[in-house]
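Take a look at the structure below.
So you know, we letter chains A, B, ... as the sequences are listed, proteins then strands, and number each from 1.
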Amino acid sequence: MLQQTTVQAVLPYFLKFVTRWPDVTALADEDEEEIMKAWAGLGYYSRARNLKKCAERVAREHHGLFPDNEAALKTLPGIGDYTAAAIAAVVFDRHAAVVDGNIERVIARFTRLTTPLPAAKLAIKEHMHTLTPAERPGDFAQAMMDLGATICTPKRPACALCPLRDMCAVSGLDEAELYPVKPPKNTRPVRRGAAFVAVATDGSVLMRRRSEKGLLGA
DNA sequence: AAAGCGGGGTG
DNA sequence: CACCCAGCTTT
């Protein structure tokens with residue numbers, strides 16, 4: 001449910017779902033039509049169909065219990081890189097590198113990555129893996145996501161409040177002059193000197209110096 | 001690598 | 001109005 005959907009929007013749906021279908025088997029045995037009706041309003045309806053298919057496979061192939069490793073999880077319908085790692089880390093306490101949109105941004109800034117996405121995704125995943133502690137990897141992932149949601153935000157990050165400020169590669173830059181930018185369509189990020197910091201799920205620039213506002217070229 | 005998939009909240 | 005949201009699947 002949380003794939004590209006805010007926690008606030010999901011919460012009431014999630015509560016209704018877990019109340020009506022308390023376990024994987026209940027969901028697997030339900031008619032798809034009923035699940036779709038309960039999903040109405042959430043959008044991205046393929047997620048609902050994947051959820052049912054996933055429940056059916058977990059019920060049939062795993063005795064109603066989710067597999068405890070990333071590789072097996074990723075074979076299930078609707079479960080990709082992020083969700084597989086999140087389940088492995090949060091539910092099974094495995095040392096898995098969780099990378100969602102927030103963590104992507106946090107890591108990219110933290111390492112002052114200038115490679116545009118999605119080419120940088122592997123490097124980000126690897127860096128997150130080295131950063132993730134063996135103990136409470138799930139809590140660490142959730143802390144990183146919270147950091148991205150509250151401090152290291154897409155626009156106007158609150159660097160002054162950041163607990164990672166002293167270790168962050170971007171902290172060397174003048175915070176007061178850092179601000180978010182979205183490049184015009186049909187343009188690509190251009191690097192000039194060290195003042196330029198590029199990152200975002202769509203490959204757009206997140207931050208650059210105000211004085212170089214006209215830096216983007218076609 | 002890029003397109004397609006939704007609805008809702010926010011500045 | 002643009003942008004963003006605990007992404008995944010299919011071209």
What is the distance, to the nearest angstrom, from the [atom1] atom on [X] to the [atom2] atom on [N]?
X: A:K125; N: C:dG7; atom1: NZ; atom2: C1'; result: 13 Å
X: A:F14; N: C:dA6; atom1: CZ; atom2: C1'; result: 13 Å
X: A:L122; N: B:dA1; atom1: CG; atom2: C1'; result: 15 Å
X: A:E104; N: C:dC4; atom1: CD; atom2: P; result: 13 Å
X: A:D100; N: C:dC5; atom1: CG; atom2: P; result: 9 Å
X: A:Y82; N: C:dC5; atom1: OH; atom2: P; result: 13 Å
X: A:D139; N: C:dA6; atom1: CG; atom2: P; result: 18 Å
X: A:M145; N: C:dC4; atom1: CE; atom2: C1'; result: 17 Å

### Task
Let me see the working for A:K52 and A:E56 under salt bridge (Lys or Arg N to Asp or Glu O under 4.0 Å), right down to the final yes or no.
CA-CA 6 Å; A:K52 166 120 175 78; A:E56 290 171 351; 2.7 Å; yes
* Asked: A:V7 or A:K74: which one's nearest nucleotide on DNA chain C is closer to the 5' end?
  ->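 The residue mapped nearer the 5' terminus is A:V7.
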query: Within the structure shown, what part of the strands sits under 4.0 Å from A:I103 by heavy-atom distance: base, sugar-phosphate, or nothing?
result: nothing
Note to self: Under a 4.0 Å threshold between the charged nitrogen and the carboxylate oxygen, would A:R94 count as salt-bridged to A:E70?
What the structure shows: no
(Q) I'd like to know if the side chain of A:R105 pairs up with that of A:N102 as donor and acceptor (distance under 3.5 Å, no hydrogens or angles considered). (A)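 A:R105 vs A:N102: donor-acceptor pair found between side chains.
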*The side chain of A:K155 lies closest to which of these nucleotides: C:dT9, C:dA6, C:dC3?*
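Output: C:dC3.
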- Side chain of A:P118 (C-beta onward), nearest among C:dC5, B:dA1, C:dC8: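 Nucleotide nearest to A:P118's side chain: B:dA1.
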Residue pairs passing the ring-ring contact (aromatic ring centres under 6.0 Å, His included) test with at least one member in residues 141-162 of chain A, sequence neighbours excluded, are none
Counting primed atoms, P, OP1 and OP2 as sugar-phosphate and everything else as base, the B/S/- map of nucleotides 5-11 of chain B against protein heavy atoms under 4.0 Å is BBS----
Next on the checklist: Please give the distance between the P atoms of C:dA6 and B:dG4 as a whole number of Å.
Outcome noted: 24 Å
Practice prompt. Using the P atoms only, state how far C:dT10 lies from B:dG6, rounded to an integer number of Å.
Written response: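 Approximately 14 Å lies between the P atom of B:dG6 and that of C:dT10.
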- Message: A:F17: which residues meet the ring-ring contact (aromatic ring centres under 6.0 Å, His included) condition with it, sequence neighbours left out?
- Response: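 Result, ring-ring contact (aromatic ring centres under 6.0 Å, His included) vs A:F17: A:W21, A:W39.
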Got A:P67 and A:I87 here, is their nearest side-chain heavy-atom distance under 4.5 Å? no
Exercise. Distance check: side-chain N/O of A:N102 vs OP1/OP2 of C:dC5, anything under 4.0 Å?
Worked result: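 Yes, A:N102 has a side-chain N/O under 4.0 Å of OP1/OP2 on C:dC5.
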Please say yes or no: joined through hydrophobic side-chain contacts below 4.5 Å, possibly via intermediate residues, are A:Y82 and A:I79 part of one cluster?
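No, no single cluster joins them.
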